[in-house]
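The structure appears right after this line, and notes come after that.
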Amino acid sequence: MSERSRWRSPMARRERLKDARTIDKPTPIPEESPLSKPTFIATPSAPEEGDAAPAGRTTLADLLRLFDPDAPNRPEAGDEAARTAVGMRRVKAGANLIRMGAPAMALYFVRTGTFKISRVDEDGYEQVLAFAGRGEVIAYEAICQDAYPTNAVALEDATAYVVPKADLANFCRAVPAFEMALHRAASAALVHTNDLVDVMAAVSSEVRLARFLLQLSRKMAQAGQSPRRFILRMGRRDIASLLGVAHETVSRSFGSLATARVLHVDDRDVEILDLDALRAYARCTRRAHEDPMAPRPGRLAAAPHRMPGRQSLAA
């Protein structure tokens with residue numbers, strides 16, 4: 001038989017198909033190979049919630065450093081803090097750390113990044129309640145509630161330590177410094193609530209924005225960053241929701257402060273040019289800051305319709 005006939009024979013075709021299947025078939029991985037099974041990083045007692053992913057193993061000593069770099073070395077921390085494992089979550093920008101209505105399983109301490117805390121009404125409206133940054137506690141309400149009352153969404157790539165509710169008592173008993181840190185975080189949360197009340201007490205949108213920016217400036221200073229120049233991690237709509245005004249009103253308020261040369265604004269890059277002037281705006285309650293030659297509030301008592309603060313809210 002010629003070489004060409006052998007190539008076309010049925011037996012030869014079957015051999016070619018067999019060779020092709022052998023080439024396409026992946027090489028099997030031995031059962032003992034490290035690639036034969038997926039590898040997971042264990043995080044102790046860290047419940048899976050929201051869209052967060054495990055970020056590895058850390059210790060209670062690392063968590064304590066959020067509040068005081070020297071805290072792990074203090075007697076109230078002891079060696080137990082370095083031996084106590086704590087879970088950590090990595091959350092991508094736009095993803096949820098916790099979801100409103102989900103079972104409240106843990107508290108979270110922000111390590112890096114910024115989170116938006118909000119709740120959604122039945123009609124779908126999102127009300128922004130706060131912005132949480134480094135060292136702040138999220139879901140402190142989990143201690144006394146069975147479900148999370150809010151959402152926590154990362155405004156940038158972020159990480160957070162996870163402390164399950166079931167471990168709180170043991171952590172506090174074993175490491176007294178952690179109990180002190182927990183009280184400190186709760187106290188800071190109350191301060192931020194009072195700050196929001198202070199913002200909402202102002203009628204003028206410019207005053208509300210000035211107070212918000214001053215509070216943000218103080219937080220930046222406490223974090224060791226510039227109190228005068230920073231990048232807003234939140235958008236105008238989120239700020240408007242927090243301040244209780246329209247999106248367009250926030251944009252106009254930024255424009256007013258920029259025109260007064262109090263701020264320089266370039267998209268989300270904000271620079272406070274005159275900190276004293278911003279404080280002067282923030283001290284007002286019912287009207288925007290005016291120059292010394294402007295009529296005093298007492299003179300406008302008979303004509304309340306001329307108050308610029310009320311006009312700006314109606315805009």
Side-chain angles (χ1 to χ4, degrees), residues 50 63-68 91 96-98 100 104 106-120 126-145 148-156 158-163 168 178-202 205 207-228 230-245 250 253 268 270 272 275 278-279 281-283 285:
L63 192 158
L64 293 177
R65 288 191 182 94
L66 282 177
F67 307 98
D68 182 359
V91 192
N96 282 71
L97 176 65
I98 60 173
M100 180 178 172
L107 281 66
Y108 296 86
F109 294 83
V110 181
R111 179 176 177 267
T112 60
T114 307
F115 290 89
K116 174 178 67 176
I117 312 301
S118 65
R119 66 165 175 257
V120 180
E126 182 186 46
Q127 175 64 57
V128 178
L129 303 175
F131 300 105
R134 178 177 172 83
E136 297 184 60
V137 63
I138 295 177
Y140 192 80
E141 307 91 339
I143 294 178
C144 62
Q145 294 188 356
Y148 292 118
T150 59
N151 295 307
V153 179
L155 297 177
E156 55 186 322
T159 56
Y161 296 104
V162 187
V163 179
L168 276 176
F178 172 72
E179 185 174 16
M180 296 170 59
L182 189 62
H183 292 325
R184 179 176 177 177
S187 178
L190 290 175
V191 170
H192 296 157
T193 300
N194 292 336
D195 286 343
L196 180 59
V197 172
D198 182 58
V199 167
M200 300 304 293
S205 58
V207 177
R208 291 189 181 189
L209 180 60
R211 293 183 181 184
F212 168 74
L213 291 175
L214 278 178
Q215 293 170 11
L216 188 58
S217 174
R218 287 196 296 268
K219 291 174 65 174
M220 299 296 288
Q222 291 169 2
Q225 302 181 36
S226 172
R228 289 180 174 268
F230 42 82
I231 297 175
L232 296 174
R233 304 302 180 184
M234 65 293 294
R236 297 286 196 272
R237 292 189 184 278
D238 289 337
I239 295 175
S241 179
L242 179 73
L243 302 185
V245 298
V250 167
S253 298
R268 295 194 180 189
V270 175
I272 300 176
L275 195 56
L278 188 63
R279 292 193 182 105
Y281 269 94
R283 282 194 296 269
T285 300

Quick one: closest heavy-atom pair of [X] and [Y], and the distance?
X: Ala160; Y: Leu97; value: CB-CD2, 4.3 Å
X: Lys219; Y: Phe131; value: NZ-O, 3.1 Å
X: Ile239; Y: Leu209; value: CG2-CD1, 4.4 Å
X: Ser253; Y: Ser205; value: OG-OG, 2.9 Å
X: Ser241; Y: Gln127; value: O-NE2, 2.7 Å

Taking [Y]'s backbone N and O only, do any of them form a donor-acceptor pair with [X]'s side chain (distance below 3.5 Å, no angle check)?
X: Thr112; Y: Thr159; result: yes
X: Arg184; Y: Phe67; result: yes
X: Arg208; Y: Ala202; result: yes

**Item:** Pair Gln215, His192: side-chain N/O donor-acceptor within cut-off below 3.5 Å
**Value:**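 His192 and Gln215 do not have a side-chain donor-acceptor pair below 3.5 Å.
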**Request:** Would you please test Leu182 and Val163 for side chain to side chain contact (heavy atoms under 4.5 Å, CB included) and show each step?
**Result:** CA-CA 11 Å; Leu182 189 62; Val163 179; over 6 Å; no
**Item:** Check: Val137 and Tyr108 side chains under 4.5 Å, non-hydrogen atoms
**Value:**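 Result no, sub-4.5 Å side-chain heavy-atom pair not found.
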**Prompt:** Considering only heavy atoms from C-beta outward, does the side chain of Val110 approach that of Tyr161 to under 4.5 Å?
**Reply:**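 Side-chain contact under 4.5 Å: no.
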Quick check: are there more than 12 heavy atoms from other residues, nucleotides or ligands sitting under 6.0 Å from [atom1] of [X]?
X: Arg119; atom1: CZ; value: no
X: Arg237; atom1: CZ; value: no
X: Met220; atom1: CE; value: yes

How long is the straight-line distance from [atom2] of [Y] back to [atom1] of [X], given to the nearest 0.5 Å?
X: Ile272; Y: Ser226; atom1: CD1; atom2: OG; value: 8.5 Å
X: Glu156; Y: Met234; atom1: CD; atom2: CE; value: 9.0 Å
X: Gln222; Y: Arg134; atom1: CD; atom2: CZ; value: 13.0 Å

**Request:** Any chance you could lay out the side chain to side chain contact (heavy atoms under 4.5 Å, CB included) test for Phe109 and Ile138, step after step, and finish with the verdict?
**Result:** CA-CA 6 Å; Phe109 294 83; Ile138 295 177; over 6 Å; no
**Item:** salt_bridge(Glu126, Lys116) N-O dist < 4.0 Å
**Value:**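 Between Lys116 and Glu126 there is a salt bridge, with a charged N closer than 4.0 Å to a carboxylate O.
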**Prompt:** side chain to side chain contact (heavy atoms under 4.5 Å, CB included) between Val153 and Phe115: does it pass, once the steps are laid out?
**Reply:** CA-CA 5 Å; Val153 179; Phe115 290 89; over 6 Å; no
**Request:** Kindly indicate, with the supporting measurements, whether the criterion side chain to side chain contact (heavy atoms under 4.5 Å, CB included) is fulfilled by Ile98 and Asn151.
**Result:** CA-CA 6 Å; Ile98 60 173; Asn151 295 307; 5.8 Å; no
